[in-house]
Amino acid sequence: MTDERDDIYEKIILEQENKETQWRLVVSKFRDVEYLHLRKYFLDFEGEYKPTKEGACIPFELTSLSNLFEALVEILSLAESKGSIEKHFKELLQDLYEQ
């Protein structure tokens with residue numbers, strides 16, 4: 001058994017070059033347990049991105065991942081609906097907010 005983190009998957013979700021930060025989604029194994037991390041990284045003086053304490057970590061299990069997936073689908077659906085509503089009812093919404 002090892003105490004070192006073993007990264008299985010990694011993807012940059014958001015890169016803010018002007019702030020020299022990234023948000024990464026990482027799946028890793030630590031002490032034989034798999035985790036999903038969403039973590040902020042910063043650019044150090046050597047030009048390498050290092051993880052910060054900002055972020056979240058959840059067990060890489062079917063229940064927690066299913067709940068996360070469900071929440072993301074709901075958020076995407078709301079965002080799509082909001083865009084559609086704004087597109088089709090833009091003038092009506094402007095009239096309502098100007099009153």
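Everything quoted here is computed from the prediction, not taken from an experiment.
The shortest non-hydrogen separation linking S64 to P59 is OG-O, 2.5 Å.
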Test side-chain contact (heavy atoms from CB on, under 4.5 Å) applied to E34 and S28, step by step: CA-CA 6 Å; E34 292 181 339; S28 66; over 6 Å; no

Show the numbers, then the answer: is there a side-chain contact (heavy atoms from CB on, under 4.5 Å) between I8 and K29? CA-CA 7 Å; I8 299 166; K29 184 182 264 189; 4.2 Å; yes

Pair W23, L38 - check side-chain contact (heavy atoms from CB on, under 4.5 Å), show working. CA-CA 7 Å; W23 281 89; L38 180 60; 4.2 Å; yes

Would you sort out whether R24 and E10 count as a side-chain contact (heavy atoms from CB on, under 4.5 Å), showing the intermediate values? CA-CA 7 Å; R24 295 184 188 183; E10 185 172 326; 2.5 Å; yes

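Under a hydrophobic clustering in which Ile, Leu, Val, Met, Phe, Trp and Tyr are joined whenever their side-chain heavy atoms come within less than 4.5 Å, directly or via other members, I13 and I58 fall into the same cluster. F30 and L36 fall into different hydrophobic clusters, where Ile, Leu, Val, Met, Phe, Trp and Tyr residues are linked whenever their side-chain heavy atoms come under 4.5 Å apart, directly or through other members. A continuous path of Ile, Leu, Val, Met, Phe, Trp and Tyr side chains, each step under 4.5 Å between heavy atoms, connects Y9 with L14, placing both in one hydrophobic cluster. V27 and L25 fall within a single hydrophobic cluster, where Ile, Leu, Val, Met, Phe, Trp and Tyr side chains are chained together by heavy-atom contacts under 4.5 Å. F42 is not connected to V26 by any chain of hydrophobic side-chain contacts under 4.5 Å among Ile, Leu, Val, Met, Phe, Trp and Tyr, and they are in different clusters.
Crowding of E80 atom CD: a count of heavy atoms from other residues, nucleotides or ligands under 6.0 Å not exceeding 12.
With values rounded to the nearest 0.5 angstrom, Q22 atom CD is found 9.0 Å from E17 atom CD. In this structure, NZ on K19 lies 15.0 Å from CG on L43, to the nearest 0.5 angstrom.
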Validation: residues 65-72 side-chain donor-acceptor distances under 3.5 Å, sequence neighbours left out:
{"from": "S66", "atom 1": "OG", "to": "L62", "atom 2": "O", "distance (Å)": "2.8"}
{"from": "N67", "atom 1": "ND2", "to": "T63", "atom 2": "O", "distance (Å)": "3.3"}

Would you give me the side-chain donor-acceptor pairs under 3.5 Å for residues 47-55, sequence neighbours excluded?
{"from": "T52", "atom 1": "OG1", "to": "K40", "atom 2": "O", "distance (Å)": "2.9"}
{"from": "T52", "atom 1": "OG1", "to": "E54", "atom 2": "N", "distance (Å)": "3.1"}

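A donor-acceptor pair is defined here as one N or O able to donate and one able to accept, closer than 3.5 Å; such a pair exists between the side chain of S81 and the backbone of S77.
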